[in-house]
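Protein chains get the first letters and strands the later ones, always in sequence-line order, with residue 1 at the start of each.
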Number of protein chains: 2
Amino acid sequence: MPKLPPLNALRAFEAAARHGGFIGASAELNVTRGAISRHVKLLEDHLGFPLFVRQAQGVRLTDAGMQFLPVLTEAFGQIAREADRLSRNASELRVICPPGTSIRWLLPKLDRFQKAYPDFRLRLTTDFYADGGFDPIEADIGFSVANWPNRSPDIEVLTLFPTALTPACAPGYLRDMALKSPEDLSRCTVLHDPRSKTDWRAWTDRFGLAPVDPGVSQTFPNIDMATKAAVMGVGVVLADLVLCREEFEAGALAAPFPDLVCQSPLGGVCLLAGHEKWHSPKVAAFRSWAYDVAEPDRVMVHDRISALNAEGSKA
Amino acid sequence: MPKLPPLNALRAFEAAARHGGFIGASAELNVTRGAISRHVKLLEDHLGFPLFVRQAQGVRLTDAGMQFLPVLTEAFGQIAREADRLSRNASELRVICPPGTSIRWLLPKLDRFQKAYPDFRLRLTTDFYADGGFDPIEADIGFSVANWPNRSPDIEVLTLFPTALTPACAPGYLRDMALKSPEDLSRCTVLHDPRSKTDWRAWTDRFGLAPVDPGVSQTFPNIDMATKAAVMGVGVVLADLVLCREEFEAGALAAPFPDLVCQSPLGGVCLLAGHEKWHSPKVAAFRSWAYDVAEPDRVMVHDRISALNAEGSKA
DNA sequence: TCTTTGGATAAGAAAAACTGATCCTAGCCA
DNA sequence: TGGCTAGGATCAGTTTTTCTTATCCAAAGA
């Protein structure tokens, strides 16, 4: 096994050869001429043959030096490029998040993340099947629900906030339809997203009600569109207190049965990633940030649920 | 232009990754575990991401580390192999020498060179047109004559000894032919090598003689064969006092006209090489050795010529 | 001849790398 | 359960390396 010459001397020689002199190399490496001179001499002593011919006006490569240079340039270049690529990769945080959670919760907060961690370049995809995007496998961290079935065992999970559900519609719609009791929902238009059939069932089950069998229902590709339709007065949506928090607080959505709040059987919104990625610095930074940012939502849901429980036991 | 990480740290990481642990690396690099640990940490800090996952029973490469390792191994390998190749190359001394000079002068002395410089592996070729040998252009140093026409100007030359010529033949031949004066040569068989026609002419010119026009002449491919034929009593050769020194001293060759010694117009036997090779350590070693070894021959020819000059002016 | 360019060199200062000792953690084994 | 072991991390102190600063020096050009 051939032995490796002193590496810093190799670098000094490579720079000197590339610049055609020690002065150029000393500028590139931020050292003095003397340092380069000593490095080159050391390397020549190590190799046992000269790399430069010393002339009055500088140096000229020997044949051996001429043969050595391209090998070094290429080798160092490969190392530098790969190190750079890996660094870029490490500073790029690839997040995958379903469209509803993304638009209604994550996106409005992301600029705060960028301010807090300006070194990370965040790439978000909301489309698990995107062509032009990145493979979900390649993502560093993803948003999901806590009780997703068949979760691989070495995946780490952190719940950001529980999913608390209650029917909601535009205030005008509520007035027009005169919604007094859950049975009145049969007269309404129910606005679905792909998850909400299970959730409606959980909601009726939770409060011992008959399944809701509306006259009209519409299905939207995600929770955001269903919610927007509800705000426009199209019908009733099973709203997430957190994801629809803004609409509730602005009065754009009203809850006809504010006491009938249940949690989703799929669990709350959570972050998840494989063990190694989970503990990488960039993902650790993101999840700690996300957990902090979700604090008010966790508190809000918690307070609401406890208040209802207290009221229920009091009644 | 991507920046190069600390090179010694890279080497430490590469060794550690290859050995699957810091202890193996510390053995390979002859340092302690702690040194490897610090190097790896330094590199991780520089890159901004971890290369190893630390576990109770040692370390495991991260994805990034796994991607980095083969690049480093390959780059370091290329450097080490090329350095090794160049070192071997530098220790190989390629000498080109005409057959006569080679057999009659150089070869008998070469074992002394090997003893003096055991690190050099000497490759000698006597054939400028050899197929299996090496290109004369690739030779490090060559033997020639000092006054070769059209010599390229940046070629350095060192004359080892002058070429002093006088006719010579076996003592029996001399007796049988009763050689008394140069004119008697016309009765002899003259033994030629490719150079000797010019030299005969120089010899006759030098002493104001008519050109030798022998009844019989034979031509040999090199001076060694012509000399051997002369020793066998075939005819007369224009002998070089140095190259035929052994035969003269052993009495195998006799000079019919010992006072008629001239120097070759082509000059003495010399070493030559391009400027750069000339000053390389291995060639410098060889030529200084060769010059020393040629000392007795220089002295012998010098003494002989001065003696003749003194005698000539006295007469 | 004098100046400029570019490298070589040496002494001392600064930085780095290394060692040796000690600490720490997780698995292992009785 | 607790000691044992393997393998790293860390720290203080020392050794080595490396760098700088300040001269030299040689050759080319003005």
Chemist: Of all heavy-atom pairs between A:Cys97 and A:Leu124, which one has the smallest distance, and what is that distance?
Modeler: CB-CD1, 3.9 Å
Chemist: Please check if atom CZ in A:Arg85 has more than 12 non-hydrogen atoms from other residues, nucleotides or ligands closer than 6.0 Å.
Modeler: yes
Chemist: Hey, do the aromatic rings of B:Phe22 and B:Phe52 have their centres closer than 6.0 Å?
Modeler: yes
Chemist: Provide, to the nearest angstrom, the distance between the CZ atom belonging to B:Arg60 and the P atom belonging to C:dA26.
Modeler: 15 Å
Chemist: Determine whether more than 12 heavy atoms belonging to other residues, nucleotides or ligands lie under 6.0 Å from atom CZ of B:Arg88.
Modeler: no
Chemist: Between atom CD1 in B:Ile23 and atom P in C:dT19, what is the gap in whole Å?
Modeler: 14 Å
Chemist: Is a side-chain donor or acceptor of B:Thr125 paired with a backbone partner of B:Ile96 at a separation under 3.5 angstrom?
Modeler: no
Chemist: Any side-chain to backbone donor/acceptor pair from A:Ser26 onto A:Ile23? Under 3.5 Å, distance only.
Modeler: yes
Chemist: Sequence neighbours left out, cut at 3.5 Å: what donor-acceptor pairs do the side chains of residues 7-16 of chain B make with other protein atoms?
Modeler:
| from | atom 1 | to | atom 2 | distance (Å) |
| --- | --- | --- | --- | --- |
| B:Asn8 | OD1 | B:Arg11 | NH2 | 2.9 |
| B:Glu14 | OE1 | B:Arg18 | NE | 3.4 |
| B:Glu14 | OE1 | B:Arg18 | NH2 | 2.7 |
| B:Glu14 | OE2 | B:Arg18 | NE | 2.8 |
| B:Glu14 | OE2 | B:Thr73 | OG1 | 2.7 |

Chemist: Please state how far atom CG in B:Leu51 lies from atom C1' in D:dG8, giving the value in whole angstrom units.
Modeler: 15 Å
Chemist: How bent is the helix from C:dT1-D:dA30 to C:dA30-D:dT1, comparing axes over its five end pairs at each side, to the nearest 10°?
Modeler: 20°
Chemist: Spell out protein contact along nucleotides 9-30 of chain D as letters: B when the base is contacted, S when just the sugar-phosphate is, - when no protein heavy atom is under 4.0 Å; keep the 5' to 3' order.
Modeler: SB--------SBB-----SS--
Chemist: In terms of ring plane angle, is the pair A:Phe120 and A:Phe113 parallel, tilted or perpendicular, where the classes change at 30° and 60°?
Modeler: parallel
